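The structure under discussion appears below in the form of structure tokens.
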Number of protein chains: 2
Amino acid sequence: MFTIGKLASLTSVSNDTLRYYEQEGLVEPAGKSPAGYRLYDKDSARRIRFIKHAQNCGFTLAEIRDLLVLRGRDKACCGDVRTRAVEKKLQIESKIRAMKAMSKALDQLIADCANETQPVNECTIIAALERANVKTPVH
Amino acid sequence: MFTIGKLASLTSVSNDTLRYYEQEGLVEPAGKSPAGYRLYDKDSARRIRFIKHAQNCGFTLAEIRDLLVLRGRDKACCGDVRTRAVEKKLQIESKIRAMKAMSKALDQLIADCANETQPVNECTIIAALERANVKTPVH
DNA sequence: CTTGACCCTGGAGTATACTCCGGGGTCTAG
DNA sequence: CTAGACCCCGGAGTATACTCCAGGGTCAAG
């Protein structure tokens, strides 16, 4: 069990952010010291890392809360829980496709840059994106 | 040449957002009508779609402006331009890895949900993420 | 028993990316 | 020539995700 500052340095997240996450229902301290200090354990650190990964994947805190709830339900593994998981997966996959297209486009750009004799094609990136026929999800 | 409303409906973006993008230096109308109406062409629509794709990939508007500038430079294809492209690519690839890990984790979750006899493993998502050993870039 | 490093709460402030509004011009169809 | 649908600008408001105080308590070391 350690205090907030330790968790903060373990996860490269500020104390304020951790308190904010708690306020938003994303993490709960494992306990509290007599003086009212928040106390955390290794699972807390895992949870924070998960949140950061998910954020890095483009999820909002609200969505991440959903994912965590989804993970938390030990039994109620039916209907909407599964549906949400499938939804998220489709979302992620569409993002991956978009990102791969971007990556390819950048490859092209980098390649064009490599042989400096050729000027950069005006539309390298856009063309690559359009070839990839990526669908941007409508929010 | 068409007006802002048309571009808005073509790209599923609001008039306000288009004006905001202009203000932020992401798009310029191809021209203006005598009355001062913004006039756009097909390239404008492409550009907007590019912005949306890039946003969907987790780029900020500031970064997208960079990407567009990068794309725009017909000659100055050296040094920092190339460097930035390489940087972006690394960024994207790290995100793709993280997203693949998320996707796999969700697969597992969905699979667990499929045979409802088994309760959901408490740590399915987190465990998968940790197996994937994803590095979250420090901003 | 004080100093410095830590913790608490509540609330205000910031950056990003829109979104909405008021007040007013433009333009096309009837 | 007027009604309705469109456009303009400037500025205020909103949601998200922090970030930074102020004012005060806790605690281990010297």
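Below, chains carry the letters A, B, ... as their sequence lines are ordered, and counting in each starts from 1. Model, not experiment: these values are computed from the prediction.
- Using a 4.5 Å cut-off on side-chain heavy atoms (C-beta onward), I51(A) and L68(A) make contact.
- Regarding contacts with the backbone of dT26(D), every side-chain N or O of S33(A) stays at 4.0 angstrom or more from both OP1 and OP2.
- In this structure, R19(B) and Q55(B) both approach DNA chain C, and ranking their closest nucleotides by distance from the 5' end singles out Q55(B).
- Heavy atoms of Y21(A) sit under 4.0 angstrom from primed sugar atoms or phosphate atoms, though from no base atom.
- Looking at K100(A) and I96(A), their side chains come closer than 4.5 Å, going by heavy atoms from C-beta outward.
- When rounded to the nearest whole Å, the span between CG of L61(B) and C1' of dC18(C) equals 9 Å.
- Rounding to whole angstrom units, CZ of residue F2(B) and C1' of dT26(C) are separated by 20 Å.
- Within the 4.5 Å cutoff, the side chain of T11(A) has no heavy atoms near those of the Y40(A) side chain.
- The separation between Q23(A) atom CD and dT19(D) atom P is 14 Å, rounded to whole Å.
- Under 4.0 angstrom from either OP1 or OP2 of dA17(C) there lies no side-chain N or O belonging to T17(B).
- In this model, the phosphate group of dC7(C) is approached by a side-chain N or O of T3(A) to a distance below 4.0 Å at OP1 or OP2.
- Side-chain proximity of Y37(B) to dC21(C), dC6(D), dC18(C): nearest is dC6(D).
- Within the structure, every side-chain polar atom (N or O) of K52(B) is placed at least 4.0 Å from both OP1 and OP2 of dA17(C).
- Out of dA17(D), dC9(D), dC18(C), the shortest distance to the side chain of Y20(A) is found at dA17(D).
- One atom, CE of M1(A), and another, C1' of dC7(C), lie 16 Å apart when rounded to the nearest Å.
- The CD atom of Q23(B) sits 11.5 Å away from the OG1 atom of T17(B) when rounded to the nearest 0.5 Å.
- We find that CG of N15(B) is positioned 13 Å from C1' of dC18(C), with the value rounded to whole Å.
- The listed nucleotides are dT26(D), dC8(D), dA17(C); the one nearest the side chain of A35(A) is dT26(D).
- We find that CD of E22(B) is positioned 12 Å from C1' of dC9(D), with the value rounded to whole Å.
- Contact between the side-chain N/O atoms of R38(A) and the OP1/OP2 oxygens of dC7(C) is not found at any separation under 4.0 Å.
- L26(A) has its CG atom 13 Å from the C1' atom of dC18(D), to the nearest Å.
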Please evaluate residues D16(A) and R19(A) with respect to the criterion salt bridge (Lys or Arg N to Asp or Glu O under 4.0 Å), reporting the C-alpha separation (whole Å), side-chain torsions for both, the decisive distance (0.1 Å), and the verdict. CA-CA 5 Å; D16(A) 280 335; R19(A) 281 189 281 257; 3.5 Å; yes

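- With respect to R97(A) and E93(A), no salt bridge is recorded, no charged nitrogen being found less than 4.0 Å from a carboxylate O.
- Rounded to a whole Å, the CD atom of E63(B) is 17 Å from the P atom of dA15(C).
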Show the numbers, then the answer: is there a side chain to side chain donor-acceptor pair (under 3.5 Å) between Q55(A) and K52(A)? CA-CA 5 Å; Q55(A) 251 184 336; K52(A) 286 288 140 194; 2.9 Å; yes

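- If one axis is set at each end of the helix from dC1(C)-dG30(D) to dG30(C)-dC1(D) from five pairs, those axes are 0° apart, to 10°.
- Looking at heavy atoms from C-beta onward, M102(B) lies in side-chain contact with F59(A) at the 4.5 angstrom threshold.
- Between dC8(D), dC7(C), dA17(C), one nucleotide has an atom nearer to the side chain of I4(B) than all others, and that is dC8(D).
- The nucleotide whose nearest atom lies closest to any side-chain atom of D16(A) is, among dC7(C), dC20(D), dT19(C), dC20(D).
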